[in-house]
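Step one of this worksheet: look at the structure below.
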Amino acid sequence: MNTSNVDAGFAPVAVADNALYVSALRNEFPILNQRVHGNVPLVYLDNAATTQRPIPVINATTDYLLHSHSNVHRGGHALAMEATRLFELTRSRIQAFLNAPLPEEIIYTRGTTESVNLVASAWGDDNVKSGDEVIVSEMDHHAVIVPMQMLCQRKGATLRVLPVLDNGTLDLDALPDLINNRTKLIAVNHVSNALGTINDVKSICALARPRGITTLIDGAQAVAHLKVDVQDIDCDFYVFSAHKLYGPTGVGALYGRAEIMSSMSPYQGGGSMIASVSFEGTTYNDLPYRFEAGTQNIEGAVGLGAALEWFGGLDHSAVAKHEQSLLRRATEGLSAIKGLRIIGNAPNKIGIISFVVDGIHASDIGVLCDEQGVALRVGHHCTMPLMKRFGVGSTARASAGVYTTHSEIDALVTSVGKAVRMLS
Amino acid sequence: MNTSNVDAGFAPVAVADNALYVSALRNEFPILNQRVHGNVPLVYLDNAATTQRPIPVINATTDYLLHSHSNVHRGGHALAMEATRLFELTRSRIQAFLNAPLPEEIIYTRGTTESVNLVASAWGDDNVKSGDEVIVSEMDHHAVIVPMQMLCQRKGATLRVLPVLDNGTLDLDALPDLINNRTKLIAVNHVSNALGTINDVKSICALARPRGITTLIDGAQAVAHLKVDVQDIDCDFYVFSAHKLYGPTGVGALYGRAEIMSSMSPYQGGGSMIASVSFEGTTYNDLPYRFEAGTQNIEGAVGLGAALEWFGGLDHSAVAKHEQSLLRRATEGLSAIKGLRIIGNAPNKIGIISFVVDGIHASDIGVLCDEQGVALRVGHHCTMPLMKRFGVGSTARASAGVYTTHSEIDALVTSVGKAVRMLS
Amino acid sequence: MTSAETIRKLVDEFASIPDWEDRYAHIIALGRALPAYPEEYRKDKYKVSGCQSQVWLYAGGKGRGDQDTQGTVDGEANGHKDVVSEVIHFEADSDAAIVKGLIAILMKIYNDRTPQEILGVPPDFIQKLGLDQHLTVNRTNGLASMMKQIHLYAIAYGRIDEERKRARELKSQ
Amino acid sequence: MTSAETIRKLVDEFASIPDWEDRYAHIIALGRALPAYPEEYRKDKYKVSGCQSQVWLYAGGKGRGDQDTQGTVDGEANGHKDVVSEVIHFEADSDAAIVKGLIAILMKIYNDRTPQEILGVPPDFIQKLGLDQHLTVNRTNGLASMMKQIHLYAIAYGRIDEERKRARELKSQ
Ligand SMILES: Cc1ncc(COP(=O)(O)O)c(C=O)c1O
Ligand SMILES: Cc1ncc(COP(=O)(O)O)c(C=O)c1O
């Protein structure tokens, strides 16, 4: 195999790399230090799909399983108390991470998708009536669009769409005209997974609040890149997944203002979410337990707690600076490839870069980059309406994490260049 | 601390212990080999709440995270393909484990509770109408009762209850009279988590099938103790949680007959569950993906696969014999304690024993046994209607796992005896 | 005895019982000695939520009148004048022996004290007494809820006392 | 050439190209050489589901007539007699170059062969060719679905051929 062009090592030459922190960080991610397809070094640029897990986070879960595992709540014995303590500790950490006022405003879910579905059902079914309107954006993930579409279908409500401008930013000027007195909810992502655009969700919430419109912010792509403060954003709901934040799959959170959630109907029924059950009638438990039916992903919560601790320990201004410099380097490098077009050129972006090449199918680029060790994601990125907006069926997407190096960006550019040559 | 009465060691004296297999097994569960409350050996008898994890299962997840972690499906790169392979491999293992005809009849969920909620919503909302009837049993877990109660409330249907006899078995003779031409669904557990009773679900399904009544069997407590064969039971839906089968929390499965599920409406909306999304209309994906919206608990699936492999490697006739002998020993030992009453004396039981003591609150027994290292669960066990049926508010429950020893049962009996003496 | 003195005394008391069995015997005995809970208060509205065992807590009495303490508290209606240093009287009970013993301990510390004194109790007494495992928020025996409830009463009564004091001062100006 | 011979030839062909770039160049070239897909069949009903790139597959032709192969297949209507050894003709296409090249390989193996021959192709040719990563069920490029579809056609046509054969035998008795 010819890998001479792929310079994806951890060589100490990368002066531009904020060398200190990146090389130290990479030691905590053994998965990155491997060869794929027999012989090529892995260059993992699929972080928007899921991030890798640092050793301390993996160890936290293992430790829990080796020493403290038990089902939580209602358990009176030593292990049950320890497991419950750890489970509730993560809840407080999530609260602090989002700057939520109260721990009971944090609900455990499987992830962003379930969090949105919970709101669409538990809040939506009670609050959205026939003739009402729900606004989503044209750049939203299917995880937002589909539950809201299903809600509107159930209720005979109308889904309205906030359009995207050519540069990949939301057309915020169009929002006031979209809003009317039937608007019940605005749901929009904080950061676009397909374009990288950072949206001005604070302005959106400022428009919604005085009109009594509920707001739901999809923070799936934001939490690992921006400082999130739900009180500053002033949203009603904020949702995210642990697996995009160097934490476990199968766990995430819903933040919801206590004022709204304390009167919200339950979502799933089962153990823990009840106060009392009889065949004559059942009464439901208080927040947050009312929305946590059945055994939760306990080890996932423990892992998420460790991920928040680990992530919280990073120097976030250094991380942000590093990710921005990766983005600049990738943008420059890829732009130089003939026929390559970057989709999404917002002034405020995280380290995500989506592109297409004239006359070449993105899937071919994905296959040939993969052969060179470079892991991209190719497809519609669960944003089909956005793909349609930009007149493409799919894009190839590279997305950076805290551990991404400048040499990996160079490997990306080299591998795309070679793929394009091979396909031309 | 006075622990002299607690003989909960792993001493090789336990001849009656099927010694070979139990002592070998226990090496795989380091968590069992610890002291709690400073100094007393842990005797973990809370297996009905959750089981502990053997080393091979813990390692399978760690290995996955160290070498293969990626988001599954739609990913074209090396890691994504490997993660997808492992994720789908577990699906086939679940299929084989339940003897389901097709892999696409297996849906990943968070666990039993979510599986039941999925059926109650996706199947129930389309099939249960005003005036219809749904049957649950008096010994069902809240995870079955509450979603069905919520379904009946949404639809104006009636929840009917199959009663429990004094010995803790279902009153199957009452079932034919409960059934009528408005009966749409019978949901019942395979094994009771509060009593240990093994229910004759095959007879229930045989009654339901010719009448066109759909059946849902809650296998949460069955999978770790009985050979389950959904084709032999002839049920429509079967549900369980991995964490009660020596596997991870946050993952479980729903088996549903393809015939029913292929026309079932989706449950949660989001990524992967769609075929195409546009604001004009969305079409949904095929089975099983239609019911798996968003990123699933991928490492949980990998762990569940390892748990099925590990569990499948046990000598199940030895395990069953061992668990029955533990049950006999516990029943004899506890029965000798003055004032102690065992709730649930069905002829067919798994290794679960629930009890109350005259004039003593179960919570006091729980606290004092815990001080002696013995982990019991005290409470209503998410079966409040069953507690009411037996005229108690709560019970103390001991539940065995494959690794439980006869000496641990002796420790149980000793610790309960001492607790009762201290409280009398 | 101030609450601080009571805590010191309790700590000494428990420190002198090294054996866990004797310690529980003592806790249970304290519970048995708890004054009988007035049956007229054995109502749902006096139940403390989140309990595995049942726990009742009634606040009022001692000159504060038998008002519905779950709702608004209006001591003025009972015609009291010198309310600033007025104490809060609690009645409490549980159907579980150990929980009842722990309640008895809490009563020694909190009962018949002024709001200021209640709010001034340092929360670390729980650790000092070695009762962490019974009184943490995670424990579902209701004692954590009960302590929270006691604090809420103290805050509410404290405010009322403040207002009365202010009202009296205004009148006397 | 039988399908077995074709596979042997392809295996040799690929084995002689050690360099991954050259191998892909060859796959892409094979795709370019694939006969043009008839535009009248570029319809949704000929699309193979589960694809990241788009894949079309049309079956019929070669005396089987231009029937709607997604629905029932009725070759008899086209007036053919000696149907037992009749082959199935496929047309296929993709908008992605590598997928199209892989389709070209599949066509060499499966196209214009009898149902019996198609169903007799040993599935391990995928490993032998070193194309596992492109043709596994988990791969969402549609090729696994396409292979499944080809097999389903073979089964369906095989049954039809069987029935005709039986009908003919009955008539000739
Ligand atoms: C019989 C039974 N059904 C349902 C459940 C709920 O399972 P889970 O909490 O894993 O969703 C349990 C476990 O508590 C159970 O024992
Ligand atoms: C912006 C956005 N929203 C929602 C989701 C869905 O997250 P999950 O799959 O973890 O539920 C994702 C991840 O794919 C995302 O990037």
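It should be emphasised that the depicted structure is a prediction, and the values quoted were computed from it without experimental measurement. Naming convention: chains lettered A, B, ... in sequence-line order (proteins, then strands); numbering from 1 in each chain.
When atom types are taken as modelled, the side chain of A:Gln149 and the backbone of B:Ser278 share a donor-acceptor pair closer than 3.5 angstrom. At least one donor-acceptor pair under 3.5 Å links the side chain of B:Gln34 to the backbone N or O of A:His67.
Each of A:Thr282, A:Leu66, A:Thr113, A:Ile31 has some count of heavy-atom pairs under 4.5 Å with chain B, and the biggest count is that of A:Ile31. Residue with the most contacts toward chain B among A:Ile145, A:Asn117, A:Val144, A:Thr50: A:Asn117 (heavy-atom pairs, distance under 4.5 Å).
In this structure, CG in A:Leu79 is found 6.5 Å from CD in B:Gln52, a value given to the nearest 0.5 Å. Annotation: the span from B:Ile58 atom CD1 to A:Ile58 atom CD1 amounts to 13.5 Å, rounded to 0.5 Å. One distance of note links CZ of A:Phe279 with CE of B:Met384; it measures 12.5 Å at 0.5 Å rounding. Taking OG1 from B:Thr249 and CG from A:Asn71, the interatomic distance works out to 8.5 Å, rounded to the nearest 0.5 Å. Atom CZ of B:Arg154 is separated from atom CG of A:Asp125 by 8.5 Å, given to the nearest 0.5 angstrom. The distance from the NE2 atom of A:His77 to the CG atom of B:Leu42 is 8.5 Å, given to the nearest 0.5 Å.
With a 4.5 Å cut-off on non-hydrogen atoms, B:Thr109 touches chain A through its backbone but not through its side chain. Contact of B:Ile55 with chain A is made through the side chain alone, with heavy-atom distances under 4.5 Å. At a 4.5 Å heavy-atom cutoff, the contact between B:Ser68 and chain A is made by backbone atoms alone. Both the backbone and the side chain of B:Ser276 come within contact range of chain A, each with at least one heavy atom under 4.5 Å from a heavy atom of that chain. Within the 4.5 angstrom heavy-atom criterion, no atom of B:Val251 approaches chain A. Looking at B:Glu114, both its backbone and its side chain come within 4.5 Å of chain A, counting heavy atoms on both sides. Contacts of B:Ser70 with chain A are made by both backbone and side-chain atoms, with heavy-atom separations under 4.5 Å.
Using a 4.0 Å cut-off between charged side-chain N and carboxylate O, B:Glu292 and A:Arg110 make no salt bridge.
Between A:Met150 and B:Pro266, the shortest heavy-atom contact is CE-CG, 4.1 Å.
Using bins of under 30°, 30° to 60° and over 60° for the plane-to-plane angle, the ring pair B:Tyr267/A:Tyr267 lands in the parallel bin.
Contact of the A:Ser241 side chain with the B:Thr295 side chain is not registered, since no non-hydrogen atoms from C-beta on lie closer than 4.5 Å. Proximity of B:Phe29 to A:Leu65: side-chain heavy atoms (C-beta onward) are nowhere separated by under 4.5 Å. Contact check for B:Gln268 versus A:Pro147: no side-chain heavy atoms found under the 4.5 Å cut-off. B:Ile298 has its side chain out of reach of A:His243: every pair of non-hydrogen atoms, C-beta onward, lies at least 4.5 Å apart.
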